[in-house]
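Scope of the values below: all heavy atoms of this structure, side chains included, with no hydrogens, waters or symmetry mates. Note that the structure is a prediction, hence the values are computed from the model and not measured. Numbering of ligands and ligand atoms starts at 1, following listing order.
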Amino acid sequence: MSRRGSWLARFLLTGLLPILGLALLAWISQGPAWAWAVAALGFAVLACVHARQLVALLAWLDAPEKRAFPHAGGAWGEVLGKLSERLRDDRRGRQEVEATLHSFRGAMDAVPDGLVIVDASHRIHWSNRAAGAHLGIHLPRDSGVIIEHLVRTPGFAEYLASPDVHSPFVLQAPAARTRIYTIRVVPLGDANKLLVSLDVTDARRVESMRSTFVANVSHELRTPLTVVRGFLEYFTDDGVVDGEQRQQFARLMSDQTARMLTLVDDLLTLSRLEAEDAPASEEDVDMASLLAQLQAEGESLSDGRHRLDVTCRGPALRGNRKELHSAFGNLVSNAIRYTPAGGEIAIEWAMHEGVGVFSVRDSGVGVAAEHLPRLTERFYRVDRGRSRDTGGTGLGLAIVKHILLRHQASLSIDSEVGAGSTFRAAFPDWRLPAAK
Ligand code: ADP
């Protein structure tokens with residue numbers, strides 16, 4: 001029997017059929033009044049039973065969250081059972097949809113680009129988390145708000161009204177103006193629009209650093225090249241310069257060429273350091289011998305104008321000898337170049353509170369506090385003329401910083417104008433195996 005048949009059979013057997021039988025019997029037999037009364041009572045009881053079930057079902061339908069689902073036997077049991085089965089299926093379906101929606105929202109919030117959906121009148125319908133950081137839009141607070149009322153950057157409303165598909169709108173972060181975003185508008189359906197914002201701060205910064213760097217290098221090369229070209233013009237006319245002048249010009253040209261070569265060497269060193277994360281090889285560097293080499297080079301550069309004092313009280317240092325020599329050599333050369341004749345320079349390698357410290361102290365011109373944080377920037381110089389006159393490229397401390405970073409060391413600078421400076425490089429204890 002089909003399920004519908006079984007339900008009908010149960011309904012007839014348990015309720016209607018016996019009463020109908022009784023009524024039929026009373027009618028055929030022209031029976032007494034009590035038989036009619038019993039049949040009528042039967043109908044009334046049946047009606048009450050159904051009415052009770054109906055009331056219970058209606059009450060539950062009115063407030064399903066407050067009431068328990070009604071239960072019953074017989075025909076109603078079958079109906080309610082089916083209804084509860086349907087409800088369970090519906091609930092399961094809804095839970096699945098909600099779970100999908102939840103994970104979709106999670107995925108949209110994880111997208112680093114800001115996403116906002118607006119309708120034809122530019123009212124915000126939906127946005128993801130990044131849109132909060134980029135454009136200051138936060139749901140549910142801003143749901144239904146016209147986006148131009150929140151993003152008030154000049155030109156934004158006009159761009160939104162007629163977006164240019166080829167070039168995005170550029171927006172500076174409203175709060176600190178430190179970040180830069182681009183906004184593209186994509187049509188969504190008939191009237192809605194999807195706004196996609198992208199954080200381009202880092203890309204712009206890299207771009208601006210690149211162009212500043214190219215400008216700096218060009219400028220640095222231009223000066224010596226101009227000097228060399230000037231002298232060459234003299235040489236083109238043989239009669240103008242005599243032998244002595246010729247020699248002097250050749251010397252000056254050679255100085256300028258050497259300067260260009262030093263600059264190119266420093267640039268190549270920097271680019272090599274930037275290209276690799278770590279030194280190619282490492283060894284236990286004998287610091288006594290490295291300091292002796294630095295002293296010899298320093299004395300040659302100073303040419304007797306300074307007193308050099310070298311102390312080695314620390315263990316061997318694990319690292320790349322060539323790179324360490326380059327970093328320490330730059331610090332020693334700076335000390336000599338920025339210390340007037342008669343000054344003192346102390347070079348030391350020693351242990352201080354468990355770390356290995358290489359320091360160069362001079363009694364030179366010193367650096368004012370406001371310049372200290374920028375000294376390791378490429379081409380940053382306190383006194384451009386003095387740096388050039390002493391053969392500086394403006395890249396020395398940038399090279400030092402890179403090398404120290406690759407050796408997990410930190411650089412600290414103490415300085416006072418007119419009193420001198422101390423540059424310290426501190427190396428972690430694991431780079432000093434012999435100290436343990
Ligand atoms: P430069 O080739 O110009 O010396 P550096 O990168 O080595 O470039 O140094 C950057 C700037 O830091 C220098 O131009 C100078 O102004 C300052 N500086 C570096 N070392 C010293 C020092 N020992 N005493 C005073 N100023 C220094």
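Nearest non-hydrogen protein atom to atom 3 (O) of ligand 1 is Ser387 OG, 2.5 Å. Of all protein heavy atoms, the one lying nearest to atom 6 (O) of ligand 1 is Leu397 N, 2.8 Å. At the top of the distance list for atom 11 (C) of ligand 1, counting protein heavy atoms only, stands Tyr380 O, 3.6 Å. The shortest contact between atom 27 (C) of ligand 1 and any protein heavy atom is with Tyr338 CD1, 3.7 Å. In terms of protein heavy-atom proximity, atom 8 (O) of ligand 1 is closest to Gly394 CA, 3.2 Å. Annotation: atom 19 (C) of ligand 1 to nearest protein heavy atom, Asn334 ND2, 3.5 Å.
Considering both main-chain and side-chain atoms, Leu375 never comes within under 3.5 Å of ligand 1 through any nitrogen or oxygen pair.
Note on ring orientation: taking the six-membered ring where Trp is involved, the planes of Phe427 and Phe328 are perpendicular (angle over 60°, cut-offs 30° and 60°).
A pairwise comparison of heavy atoms in Gln293 and Arg321 identifies OE1-NH1, 3.0 Å as the closest pair. Of all heavy-atom pairs spanning Asp362 and Gly364, the tightest one is OD1-N, 2.9 Å.
Note on ligand 1: Ser421 sits in its first shell, one or more heavy atoms being nearer than 4.0 Å. At least one heavy atom of Arg337 sits less than 4.0 Å from an atom of ligand 1.
In terms of modelled atom types and a separation under 3.5 Å, the side chain of Arg123 and the main chain of Gly144 share a donor-acceptor contact. In this structure, Trp349 contributes its side chain and Pro315 its backbone to a donor-acceptor pair below 3.5 Å.
Close contacts between ligand 1 and Arg381 involve ligand atoms 3 (O), 14 (O) [criterion: under 4.0 Å to a heavy atom]. Listed by number with element, the atoms of ligand 1 under 4.0 Å from a non-hydrogen atom of Val367 are 25 (C), 26 (N), 27 (C).
Counting non-hydrogen atoms of neighbouring residues, nucleotides and ligands closer than 6.0 angstrom, the CZ atom of Arg67 reaches no more than 12 such neighbours.
A 4.5 Å side-chain heavy-atom check between Leu270 and Arg378 finds at least one atom pair inside the cut-off.
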